[in-house]
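Quick notes on the structure that follows.
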Amino acid sequence: MTTRLVCPGSFDPVTMGHLDVIRRAAVLADEVVVAVLHNPAKAGAFPVSDRIAFIEQATADLPGVRAAAYAGRLIVDVCRELDATALLKGLRSESDYAYEVPMAQMNRALTGIETVFLQGDPALAHVSSSLVKEVAGLGGDVSGMVPDAVRDALLARRPRRD
Ligand code: PNS
């Protein structure tokens with residue numbers, strides 16, 4: 001039986017924290033599908049096609065990992081379509097736990113799909129897509145928090161100040 005984990009998120013943009021969880025999951029499962037979904041509660045910084053390209057580039061050495069867009073879909077329907085074994089999420093903190101558990105319970109109530117959680121690398125506990133965007137947008141150095149291509153794209157988005 002093929003074990004297939006579906007890792008959903010906005011990935012706007014992908015961070016080293018996401019990539020650490022994806023890499024560790026790739027050892028545990030035959031396939032990891034990174035499902036890029038639009039979260040209506042969050043304004044998007046990067047187009048979904050760019051988010052996917054960043055993930056593909058950063059996971060090119062992992063043959064079992066792929067990324068795809070699933071806009072406007074329930075994640076449980078995506079899991080059914082992909083014949084997923086389980087959902088995959090990373091947890092950095094108690095606030096992540098409080099955010100993720102209701103979604104995991106809702107998804108399990110809808111179709112019985114389980115969610116497996118990997119604890120985030122403590123060295124990356126401060127890294128989130130939203131903070132990285134804020135810091136980079138104000139000129140801070142986010143090297144090592146996101147892939148270099150993402151850092152460069154964040155720098156290119158900065159408004160000119162002249
Ligand atoms: O990275 P995010 O923004 O925290 O990810 C949230 C996401 C995209 C995983 C969540 O909003 C989601 O699963 N959206 C798909 C639609 C859906 O199934 N909603 C019900 C979730 S219980």
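Only heavy atoms go into these numbers, but all of them, side chains included; no hydrogens, no water, no symmetry mates. Atoms within a ligand are numbered from 1 in the order they appear, just like the ligands themselves. Positions are given from 1 along the sequence. Bear in mind that the values here come from a model prediction, so they are computed numbers and not experimental data.
Look at Tyr99 and you'll find a heavy atom under 4.0 Å from some atom of ligand 1.
The closest side-chain donor-acceptor pair between Thr85 and Arg4, if any, does not fall under 3.5 angstrom.
Asn107 OD1, 4.0 Å is the protein heavy atom nearest to atom 21 (C) of ligand 1. The nearest heavy-atom contact from the protein to atom 3 (O) of ligand 1 is Ser10 OG, 2.5 Å. With hydrogens left out, the protein atom closest to atom 7 (C) of ligand 1 is Gly9 CA, 4.5 Å, a heavy atom.
Separating the CG atom in Asp83 from the OG1 atom in Thr2 is a distance of 8.5 Å, to the nearest 0.5 Å.
Distances below 4.0 Å separate heavy atoms of Arg73 from the following atoms of ligand 1: 15 (C), 16 (C). Near Ile75, meaning under 4.0 Å from one of its heavy atoms, ligand 1 places the atoms 13 (O), 17 (C), 18 (O). Of all atoms in ligand 1, listed by their number and element, those nearer than 4.0 Å to a heavy atom of Met106 are 22 (S).
Evaluated by nearest non-hydrogen atom to atom 10 (C) of ligand 1, the leading choice among His18, Met103, Glu100 is Met103. The residue from Leu74, Val6, Leu37 that puts a heavy atom closest to atom 12 (C) of ligand 1 is Leu37.
By the 4.0 Å N-to-carboxylate-O rule, Asp61 lies close enough to Arg23 to be salt-bridged with it. A salt bridge links Lys133 with Asp12: the distance from a Lys NZ or Arg NE/NH1/NH2 to an Asp or Glu carboxylate oxygen falls below 4.0 Å.
Here Val76 has no heavy atoms under 4.0 Å from ligand 1, in either its backbone or its side chain. Contacts between Lys89 and ligand 1, counted as non-hydrogen atom pairs separated by less than 4.0 Å, involve the side chain only.
Under the 4.5 Å side-chain heavy-atom criterion for Ile, Leu, Val, Met, Phe, Trp and Tyr, Leu5 and Ile75 are members of distinct hydrophobic clusters.
In this structure, Phe54 and Phe46 have side chains that are in contact, with non-hydrogen atoms separated by less than 4.5 Å.
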Intermediate values then yes/no, salt bridge (charged side-chain N to carboxylate O under 4.0 Å, His left out), Glu81 and Arg73: CA-CA 11 Å; Glu81 181 182 304; Arg73 307 272 307 277; 2.8 Å; yes

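Heavy-atom neighbours of Met106 CE from other residues, nucleotides or ligands within 6.0 Å: at or below the threshold of 12.
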